[in-house]
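Step one of this worksheet: look at the structure below.
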Amino acid sequence: MKILEISSPSPELRQPDTLTTTLSQLESLIKLTETLSPKSPPPPTLSPHLRQCLTHLTQLAPNSFLNSFPNSVKLQLWKLSYRLWNACVDLSNSSSSRAGKEHVELRHAAADILCVAGDVAGVPSPALKAASFYYKTGLIYHEMKEFEFASNCFEKATDLSSKVEIESISDLGERKLLLDINVARARTAWEVSDRNVSITLLNRSKKFLFETADNYRVLAEQYLAFGKGLLAKSDISEAKEALKLMNEGLELCERGLRVVKKTEETLSLKCLRDKTLRFIAALHLQREEYESVIKCVRVLRDHTGIKSGDQHPSLSVLAMKAWLGLGRSSEAEKELRDMVVNKGIPEGVWVSAVEAYFKAVGVAAVETVKSVFMGLLGRCQVSASAAVRVVYRVVGEGGGGGDGLRIREIMVEELVSDERVVALFAGEGAAKERTALHAVLWNCAAAHFQSKDYKISAGLFEKAMLYVPSGIESRILRAKGYRVLCLCHLALLQLDQAKEYIDEAEKLEPNIACAFLKFKIYLQKNDHAAAITQMQAMMSCTDFTTAFLSLSAHEAVACRALSVAVASLSDLLNFYTSGKPMPIAEVVVFRTILVILIQEPGNELEVLKFMKKAQERIFELQPGNFFGKGEVGRRECNWIATNAWNIGTKAGAEKKYELCAEFMNTSADFYGAILDGEAEGNNVMVCKSIILSVTAMISSEKQNKVPMQDTQLKKLIELLDKAGKLMETLSTSNKLSDCQDNSLDPKFYVAYISSAYELYGRINDLGSQQRLVKNFANSKACNPKHLLQIGLTASQGQQQNTEVATFALNTCLSSMLASPLPDYKDVAMVIRRLITLAVIYKGDADDDVVYSLYKQAYKIMVGLREGEYPVSEGKWLATTSWNRAAVPVRLGQVDGAKKWMSMGLELAKKVPGLDTYKACMEDYIAGFEKRLQEG
C-alpha cells in the first residue's frame, strides 16, 4: 500500500466504524511500518492514523480484558501488536542512532493495541506481557528525557500488573518485571523531583524481592543511586536523606546475603554492600563525622579479610583523610605509606591523598612526603605520562610563596631531577610527554618568578631544561631557558652566573634580548663604560627597535647610572633625524635627558649642550612641530625655558657669569618661541632673560679681565635693543602698570639702563646714553635711587658723561625734594656732586650756576632741625663757598667777593659746631668792609 493511499481516512472510517474496517485499516498501517527504511524517519501521518484506529477500537471495546471482543479478534490484535513491535525492534536494530520520537510512538501504539485486545485464550499472563510492552516503551521515553510519557507508560504497566495475583506468578522473569516496573517508575518520579512518590515506590518494591539475589541487588542499587545523587549536592539536609537511602540499600544487601546461599549470587551482593559502605563512609567524611568514617573502613576491611595492598583503593584515602580530620597525623601517615604498595590506586587518587595530607600536616610533613615520593617513583616508570600527571598534581598552580608551596616545589625538583624519571622521557616515543612536563615546570617557575621568588623559580627553570632535547630543532627553546635563568640570577644579584647563562643563550640565538640582558648585567656591576658599549652594540641587532634605547635609559636611571641613561637617550635622538615614525615625541626625549642631567650638580655644560641641540631642532622643524600643539606644546616649551632660567640664575649667584649668560640667552630663545601662530605672552621673561644675559657677559668680561671683541659688543647692543623694544611694547600695553603679574621688575629696568649705558659709552654714543637716561627718568619704574646711581656712574670713571650726570642728578634732586620725607644724606650727596660737576666742567665761566646750587642748598637747610642736614656736608658747603671768595678778593672783584663771603657766612650759621668759623667770617667781612671804606 502506498503512503498516498492512507494519507487520509477512508470513506468507511468517516461513517460509523465497524470492527472489520478498523482492523483492516490497522493492518494496512502495520504493513506500511514493516516496509519502512531505517535510514529515514516514518511518515508524519503514520502515528496519528494508528492512534485514530486505536481510538475506534477503544470505542468498540471500552472494557478491555473483560472479553468484549471475540477470541479470534483478540488473537488478531495480539498478532498485529507483535508485528508492529517487531517492526520497531528491527528498525531500532538496523539504525546506528538512537530511536527517535516517531519510533517510540509506534512502540507505544503496539502496547496500546495489546491493552485494547485484553485477555486471549492460549496466551499465558497476557496482562504481564502488555505491561512488559509498556515498561520497555517507558524506558525509551525515560532515556529520551520524555518523563511525562515515561511515567504514563509505567503507570499503565503498573495497572496491568496489579490485576495479576503475585502468588500465581512462578516465572522468574515475570517476577523480575514487577520489581523493574516499580523501580523504573520511581526513577522517573525522581527525575521530575517528586521525591516522596519515588521513595514510596522504592519502599513498595520490597514486596517484589521474591528472595532472589538479582532483585535485592537491583533495589539496593537504586537506593544507592538516589543516595549518591543527594550526596553530590553538598547540603546538610540532603546529606541526611542520602545517608538514610544508603542505609536502606545496605540493609537490603544484608537481607539478601542472609537469604541467598549460592556463592556466585552472594558475590555481587557483597560487592554492592561494600560499595554502599564506601559511599556511606564518603558521606560521613563530607559531614566531618570522622569517627564514623573510621568505623566504616574497619567494617569494610573486616569484610574483605585480605591484606591492605589488595583492598579497594578508596579505603586508604578515606581512612587517611578521616585520621587527618581527627588530628592524628601518625595514623594518616601510615595509611599514606600503605597506599604506595596498593597497585590498584590510580595516580590521581594517590596524589590527591598526598595533597590532603600535605595541606593538613604542613611543614612537618616534609620528610614523610619526600620518602613517599621516592616510593612513588617506581610506579611512575610505567609511563612518562604518569610522571607528568603526578608532577602536575603536586606542583599545583605554582607561585604565591608560603612554606607549603615551597616544599612542593622542592619535592618536584627532586622528583624530576632523578635519573630514573629523566630516563622515562628519553627518546622520540616520549616527545609529547616531555613537552608536557617541560610546560608544567616552566609555568610553575614563571608563577614563582612573578611572585618574586627568584630562588625557587631558578631551580624549576633549571629542572625544566632537563626536558629540552639537545637537537638543533630545540635550539630556540634552550636559548629561551638560558635567558630566563639569566633573569633569575640577575634578580638574585648573582651576576657572574647570570653572565654565564646569557653567554650560552647568545651562542644559540643572538638577538636583542640577549644584548639587553648583558646591558643590565653591566649596569648591576656599575661598569658604566661597558654598559654604554653594550647599549651601542644593541643597535646592530637585526631585531633592534628604538624602544630598547628607551628601556635602556629607564634601567640606567633605576641603577643611578645617569651617564648611561643620557648616552642611551642621546643615541635615540639620532633616529629622529631619519624621518622615520617614532613612538614618542622628540621633545619628550630632550626633556627626559635634561631631567636626568639636572638631578646632579656639575652637569651644567651638558644641560646647555642639549638645550642648544633642542634649539637647532626647533629651527629645523618649527616650534609647533617640535613642542606639539596647544597647551601641551606650551608646557613643554615653558619647562625648558624655566629650567634654563633657573640654572642661569644659579650660575649668576655663583659668579659663573659666562655660563649664566649662555643659559639666559637660551632661556630668552625658548620663552620667545612662537606657538600656534602667536607669541605666548612671555615677553616679560624674554626681556628679563636678555637683560640678565647681557649683564652677565659684561660681568664676565670684568671678571676675566679680557675685553670684548667688537662683534661681541655689537651682538650685546643688538640684544639690548631687542629688550628695549619689548619694554616699549610692555609699556604701551599698560602691562607695566595695570597687570602686575606681567610687569617688568624695576631692578631689571635699572640693569638694562646700566648695561645699555655702559655699552653705548664704549662705542662713544653719548646721544644714545642721554636719550636712554631721559626715557628711563620718564618711566614709572624710575625712582630717585636709580637716578642717583646713574648720576654717580655718569659723573666719574670711563663711563663719564657730564650731560647725563647733570640731568640724572638734577632730576634725582627734584624727585627727592618732592618727597614728603626726603633723605637729606642723599640730597646733600647730589648737591655736592652737582657743584663738583659744575666747577670741574664749567669752571668760573658759569659762576652763577654754581652759586645757584649753593643757594639751593641754603634754602633746603632753612627750617631743618639741627643735624637733619648732614653736618659734614653743611661744613663742606660753608667752607667751599667762603673759599670761592678768595679769587674775587685778590682780583678786586668786590661784588663777587661779597656774594660768596655772604653765602659762606649764611651757610655756616645753619651748621652746628661752626661758631668759631662763623666769628672769624664775621670779623673778616667787617675788616673787608672797613678797607673798602678807607680805600
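Heavy-atom basis, side chains included; hydrogens, waters and symmetry copies ignored. Note that the structure is a prediction, hence the values are computed from the model and not measured.
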### Task
Please step through salt bridge (Lys or Arg N to Asp or Glu O under 4.0 Å) for the pair R278 and D274, ending with a clear verdict.
CA-CA 6 Å; R278 289 194 297 273; D274 292 347; 5.3 Å; no
Let's go through E462 and Y501 carefully: what are the C-alpha distance in whole Å and the side-chain angles of both, what is the deciding distance for side-chain hydrogen bond (donor to acceptor under 3.5 Å, both in side chains) to 0.1 Å, and is it a yes or a no?
CA-CA 11 Å; E462 286 178 359; Y501 279 120; 3.2 Å; yes
Under the side-chain contact (heavy atoms from CB on, under 4.5 Å) criterion, do V557 and V564 qualify, and how do the steps go? CA-CA 8 Å; V557 170; V564 180; over 6 Å; no
- Message: Please determine whether salt bridge (Lys or Arg N to Asp or Glu O under 4.0 Å) holds for the pair E241 and K244, giving the CA-CA distance in whole Å, both sets of side-chain angles, and the decisive distance to 0.1 Å.
- Response: CA-CA 5 Å; E241 186 64 28; K244 182 179 178 181; 5.0 Å; no
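To the nearest 0.5 Å, the span separating SG on C296 from CZ on R298 amounts to 11.5 Å. Annotation: the span from L230 atom CG to R195 atom CZ amounts to 4.5 Å, rounded to 0.5 Å. One finds the CG atom of D338 at 12.0 Å from the CE atom of M320 (value rounded to the nearest 0.5 Å). If you take OH on Y522 and CE on M535, they are separated by 13.5 Å, rounding to the nearest 0.5 Å. A distance of 6.0 Å separates CG in L495 from NZ in K525, rounded to the nearest 0.5 Å.
The pair E221-R217 meets the salt-bridge criterion, since a charged nitrogen lies less than 4.0 angstrom from a carboxylate oxygen. Ion pairing between a basic and an acidic side chain is recognised when a charged N comes within 4.0 Å of a carboxylate O; E335 and K321 show no such pairing. Ion pairing between D496 and K499 fails under the 4.0 Å rule for side-chain N and carboxylate O. Taking 4.0 Å as the cut-off between side-chain N and carboxylate O, E251 and R255 do not count as a salt-bridged pair. Between R478 and E509, no side-chain nitrogen of the basic residue sits less than 4.0 Å from a carboxylate oxygen of the acidic one, so the salt-bridge criterion is not met.
Between the side chain of S457 and the backbone N or O of D453, no donor-acceptor pair lies under 3.5 Å. Not one N or O on the side chain of R328 forms a donor-acceptor pair closer than 3.5 Å with the backbone of W323.
For the residue pair V388 and A436, the shortest heavy atom distance occurs at CG1-CB, 4.0 Å. Closest of all the heavy-atom pairs between Y467 and V416 is OH-O, 2.5 Å. Closest heavy-atom contact between Q534 and A515: NE2-O, 3.1 Å. When all heavy atoms are compared, the tightest approach of R187 to L139 is NH2-CD2, 3.7 Å. Here the closest heavy-atom approach between residue Y223 and residue L245 is recorded as CB-O, 3.5 Å. In plain terms, the two heavy atoms of L460 and C444 that are nearest each other are CD1-SG, 3.6 Å.
Within the 4.5 Å cutoff, the side chain of L300 has no heavy atoms near those of the H312 side chain. L485 places none of its side-chain heavy atoms less than 4.5 Å from the side chain of R483. In this structure, I280 and T276 have side chains that are in contact, with non-hydrogen atoms separated by less than 4.5 Å. Between M538 and S552 the shortest side-chain heavy-atom distance falls below 4.5 Å. Residues Y216 and L257 are not in side-chain contact: their nearest non-hydrogen atoms beyond the backbone lie 4.5 Å or more apart.
In summary, the side chains of H489 and Q497 do not present any donor paired with an acceptor at a separation below 3.5 Å, with no hydrogens or angles considered.
Taking the six-membered ring for Trp and the full ring otherwise, F449 and Y454 have centroids separated by under 6.0 Å.
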